[in-house]
Amino acid sequence: MWCLTSILSSKTNYLYQFARNTLDVILEAAKKDMATRSALVLEFQSRWWTFDRSTKTKTIETLVCGMDAPSTCVCVERLQDIFLRCGGEGHEAKCSKRRVTLLDQLGLLCKKVQSHGD
């Protein structure tokens, strides 16, 4: 994931198109299998929370918008847990940025749930 993130962060990278195609294949696989989609979202939330911002994509948003209700609940619980665990001595600035990203993701999940409730 680190390599994919790094390559996709710059369109001038000579491997950019290859990485973009790889990401498209991953997204297609996730669209077909909810377990894969959920696993990717949980991975992005826990370790690669700046992926969309770094790569200037809407990968996490795309994955989240197609999730079913049980998977959405798991993601909300995971985001809450990460939000509450964030912190520690000397990590306030990084934690603050991460919490903003987590709140954005929670907002996205809430919009998704609200749109399905209409």
Side-chain angles (χ1 to χ4, degrees):
M1 287 302 292
W2 181 85
C3 290
L4 189 62
T5 304
S6 178
I7 293 166
L8 287 172
S9 66
S10 173
K11 288 186 178 184
T12 60
N13 189 308
Y14 70 98
L15 291 175
Y16 178 84
Q17 194 56 50
F18 177 77
R20 184 69 224 176
N21 292 340
T22 301
L23 184 61
D24 290 342
V25 169
I26 291 169
L27 288 173
E28 277 303 311
K31 286 179 185 178
K32 296 174 185 173
D33 182 31
M34 191 57 62
T36 301
R37 181 185 297 257
S38 297
L40 283 170
V41 169
L42 291 173
E43 180 68 18
F44 280 126
Q45 288 174 343
S46 62
R47 294 190 186 161
W48 304 101
W49 51 276
T50 61
F51 185 84
D52 278 354
R53 186 178 40 194
S54 298
T55 62
K56 299 168 189 75
T57 64
K58 293 188 177 193
T59 303
I60 298 172
E61 182 177 337
T62 300
L63 290 169
V64 166
C65 287
M67 291 176 62
D68 59 11
S71 298
T72 301
C73 290
V74 169
C75 285
V76 168
E77 290 171 6
R78 180 65 175 251
L79 286 172
Q80 289 172 338
D81 182 54
I82 294 168
F83 186 90
L84 294 173
R85 284 188 294 121
C86 189
E89 290 284 323
H91 298 288
E92 292 82 14
K94 183 178 179 182
C95 184
S96 179
K97 289 179 183 179
R98 186 163 192 190
R99 282 187 169 159
V100 168
T101 302
L102 291 169
L103 289 172
D104 288 343
Q105 290 178 11
L106 276 170
L108 179 65
L109 286 168
C110 290
K111 286 179 190 175
K112 178 197 171 302
V113 170
Q114 184 180 22
S115 69
H116 286 307
D118 292 341

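Keep in mind that what you see is a predicted model, and the values were worked out from it rather than measured.
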Visitor: May I ask you to decide if Met1's main-chain N or O and Thr5's side chain share a donor-acceptor pair within less than 3.5 Å?
Guide: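 Present.
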Visitor: Decide yes or no for Asp24 and Glu28: does some side-chain heavy atom of the first lie under 4.5 Å from some side-chain heavy atom of the second?
Guide: no
Visitor: By side-chain contact (heavy atoms from CB on, under 4.5 Å), which residues pair with Ser38, not counting sequence neighbours?
Guide: Met34, Met67, Ser71
Visitor: Answer yes or no: is there a side-chain heavy-atom contact under 4.5 Å between Phe18 and Thr22?
Guide: yes
Visitor: Rounded to the nearest 0.5 Å, how far does CG of Leu40 lie from OG1 of Thr59?
Guide: 10.0 Å
Visitor: Check Leu63 against Ala30 and note the closest heavy-atom contact, atom names and distance.
Guide: CD2-CB, 3.5 Å
Visitor: For residues 10-19, which residue pairs qualify under salt bridge (Lys or Arg N to Asp or Glu O under 4.0 Å), counting only residues two or more places apart or in two chains?
Guide: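 Of all non-adjacent pairs touching residues 10-19, none passes salt bridge (Lys or Arg N to Asp or Glu O under 4.0 Å).
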Visitor: Roughly how far, to the nearest 0.5 Å, is CD of Gln17 from CG of Leu8?
Guide: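 Going from the CG atom of Leu8 to the CD atom of Gln17 covers 9.5 Å.
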Visitor: Just how far is it from atom OH of Tyr16 to atom CG of Leu23, taken to the nearest 0.5 Å?
Guide: 9.0 Å
Visitor: Got a sec, which hydrophobics cluster with Ile7, joining ILVMFWY side chains under 4.5 Å apart, including via others?
Guide: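 Besides Ile7, the hydrophobic cluster comprises Tyr14, Leu15, listed by chain and residue number.
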Visitor: What is the distance from atom CG of Asn13 to atom CZ of Arg20, rounded to the nearest 0.5 Å?
Guide: 14.0 Å
